[in-house]
Undergrad: 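First the structure, then my questions, so here it is.
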Amino acid sequence: MTNIRIKYGRQEVTQDDIAAVVQVLNSELLTQGPVVPAFEKALCDYTGSNHSIAVNSATSALHIACMALDLGPGDTLWTCPNTFVASSNCAIYCGAMVDFVDMDPKTYNMDIKQLESKLKKAKINNNLPKVLVPVHLSGQSCQMQEIHELSKEYGFKIIEDASHAIGGSYMHSKVGSCQFSDITVFSFHPVKIITTGEGGAALTNNSDLANKLVKLRSHGITADQAEMDIRPEDEIWNYQQVCLGYNYRMTDIAAALGLSQLKRVDLIIKKRNEIASRYNQELADLPLSTPWQHPDTLSSYHLYIIQLNLNKIKKTQPEIYDELRNSGILVNLHYIPVYRQPFYESMGFEAGYCPESEAYHQRALSIPMYSSLSLDDQNYVIETLKKVII
Ligand SMILES: *Cc1c(COP(=O)(O)O)cnc(C)c1O
């Protein structure tokens, strides 16, 4: 056992970040003040999207994104099994059903060919999805142009789960531009690229959707006279509830942290890409594959996932996992296919449903990747991998 503890991911908080948060704490408004709108504007400026709605988590953003697109009972949402459970739970929150499209083992993202053939079958069987949630795993964008073409042919809506991917690009646009989707969702959980503590955002270019998202974030309430039902003049109506919403608001405290972090997101992505290229070089001779990059994408490298070539290794994946952890390298696994979770198995999904995702998760490991990972720590990771993976 060792005292070294290098996690697979962690936040980077600077003195400037702390000062920005303290400034809000000393101000009049801790929530619903000026900083959330400033953070939202900065997200729009950065990504090129027209609207951005900051909320208290990406999970909340996914929920209200599904609601804004009218997902409900009788509808189906499709996503990839190789993701965090929130990408599919949002369908269940809305009383809709969920189904899964298997992954491409090269990109770790949804396989476009499998998507196309599943859509063809669904059209014949009259059970096409209403919403598709492509997940930009580890920060590399899915092939959004192809997915967008398919959405026109088969009539589904698109929510990009870009929880891993702020700062990444696809075909020279920033992820979040919503060029090929209805809504894009970011997460600002501390393990992700930039953080607000807990937090997330939904971005869109559609002003009707933006309007719905704003109401859904805050109890379904509006203070806009034009949206209010006119009542007798001797009653005071400052606001009206016009639909069912939630309290998913972000605080100004959190937004101040996010706004401060967003200023250096490009630097963070640059550092993450440098760490990735060093791993690519140093691990090239080991019996594993390093993450392949599609030429249309620039990854934000939320995760650095290796796939073990188990035919050439004398150990099992769990043995390697344990040995690395015992050496202080807190590797992780992203992800066990969502439908293998007991909750989803209780809905009828069975092992074997998406063979590529199942085979992948038995060879994948996420090794440490974060912008403040020191050269010494990265060297320790590389040297330990060389010793353990034999
Ligand atoms: C982290 C994550 C989420 C949920 O983000 P929260 O902000 O923690 O709610 C959703 N989808 C994916 C792919 C994630 O990695």
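Numbering of ligands and ligand atoms starts at 1, following listing order. Any value given below was found using the heavy atoms of this structure, including those in side chains, with hydrogens, waters and symmetry copies removed.
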Undergrad: Would you mind checking if Glu227 and Lys215 are paired as a salt bridge, meaning a charged N to carboxylate O distance below 4.0 Å?
TA: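 Here Lys215 pairs with Glu227 in a salt bridge, since their nearest N and O are under 4.0 Å apart.
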
Undergrad: Against heavy atoms of Ala86, which atoms of ligand 1 measure under 4.0 Å?
TA: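 Those of ligand 1 that fall under 4.0 Å from Ala86 are 10 (C).
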
Undergrad: Contact between ligand 1 and Gly199 is defined here as a heavy atom of the residue under 4.0 Å from a ligand atom; is it met?
TA: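 Yes; Gly199 lies near enough to ligand 1 that a heavy-atom distance drops under 4.0 Å.
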
Undergrad: Closest non-hydrogen protein atom to atom 15 (O) of ligand 1, residue and atom name please, with distance?
TA: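 Among all protein heavy atoms, the one nearest atom 15 (O) of ligand 1 is His164 NE2, 2.7 Å.
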
Undergrad: Which heavy atom of the protein is the closest neighbour of atom 11 (N) of ligand 1, given with residue, atom name and distance?
TA: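 For this ligand atom, the closest protein heavy atom is Asp161 OD2, 2.8 Å.
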
Undergrad: Using 4.0 Å as the upper bound for N to carboxylate O, is an ion pair formed by Asp70 and Lys212?
TA: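 Yes, Lys212 and Asp70 are salt-bridged.
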
Undergrad: Any idea which of Cys80, Ala162, Ser163 brings a heavy atom closest to atom 3 (C) of ligand 1?
TA: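 It is Ser163 whose heavy atom sits nearest to atom 3 (C) of ligand 1.
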
Undergrad: Could you check which of His189, His136, Lys192 puts a non-hydrogen atom nearest to atom 1 (C) of ligand 1?
TA: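 When every heavy atom of His189, His136, Lys192 is considered, Lys192 comes closest to atom 1 (C) of ligand 1.
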
Undergrad: State if Ser87 counts as touching ligand 1 under the rule of any non-hydrogen atom under 4.0 Å.
TA: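 Contact present.
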
Undergrad: Hey, what's the ring geometry for Tyr360 with Tyr108, parallel, tilted or perpendicular (30° and 60° as the breaks)?
TA: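 Plane angle between 30° and 60°, so tilted.
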
Undergrad: Report, one line per pair, each donor and acceptor closer than 3.5 Å where one atom sits in a side chain of residues 43-50; sequence neighbours left out.
TA:
unit_1: Asp45; atom_1: OD2; unit_2: Lys41; atom_2: NZ; d: 2.8
unit_1: Tyr46; atom_1: OH; unit_2: Lys174; atom_2: NZ; d: 3.2
unit_1: Tyr46; atom_1: OH; unit_2: Asp266; atom_2: OD1; d: 2.6
unit_1: Thr47; atom_1: OG1; unit_2: Leu43; atom_2: O; d: 2.8
unit_1: Thr47; atom_1: OG1; unit_2: Ser49; atom_2: N; d: 3.2
unit_1: Thr47; atom_1: OG1; unit_2: Ser49; atom_2: OG; d: 3.4
unit_1: Ser49; atom_1: OG; unit_2: His51; atom_2: O; d: 3.3
unit_1: Asn50; atom_1: ND2; unit_2: Asn205; atom_2: O; d: 3.4

Undergrad: Looking at Asp377 and Lys7, is there a salt bridge between them, counting it only when a charged N and a carboxylate O are closer than 4.0 Å?
TA: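 Looking at Lys7 and Asp377, the cut-off is not met.
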
Undergrad: Ser357 and side-chain hydrogen bond (donor to acceptor under 3.5 Å, both in side chains): which single residue from Asp104, Asn82, Asp102 fits?
TA: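 The side-chain hydrogen bond (donor to acceptor under 3.5 Å, both in side chains) with Ser357 is passed solely by Asp102 among Asp104, Asn82, Asp102.
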
Undergrad: Please could you name the atoms of ligand 1 that Thr83 approaches to less than 4.0 Å, counting only its heavy atoms?
TA: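 Contacts of ligand 1 toward Thr83, numbered from 1: 13 (C).
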
Undergrad: In terms of the angle between their ring planes, are His302 and His164 parallel, tilted or perpendicular, with boundaries placed at 30° and 60°?
TA: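 Tilted.
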
Undergrad: For atom 4 (C) of ligand 1, find the nearest protein heavy atom and state the residue, atom name and distance (0.1 Å precision).
TA: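 Answer, as residue, atom name and distance: Thr59 OG1, 3.6 Å.
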
Undergrad: How would you list all residue pairs meeting ring pair (Phe, Tyr, Trp, His ring centres under 6.0 Å) that involve residues 252-295, not counting sequence neighbours?
TA: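 Sorted result for residues 252-295: Tyr279-Tyr304, Trp292-His294.
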
Undergrad: Please could you name the atoms of ligand 1 that Ala58 approaches to less than 4.0 Å, counting only its heavy atoms?
TA: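 It comes down to these atoms of ligand 1: 4 (C), 5 (O), 6 (P), 7 (O), 9 (O).
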
Undergrad: Are any of the heavy atoms in Tyr335 under 4.0 Å away from ligand 1?
TA: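 The answer is yes: ligand 1 sits under 4.0 Å from a heavy atom of Tyr335.
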
Undergrad: Contact between ligand 1 and His302 is defined here as a heavy atom of the residue under 4.0 Å from a ligand atom; is it met?
TA: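 Per 4.0 Å heavy-atom rule, His302 does not contact ligand 1.
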
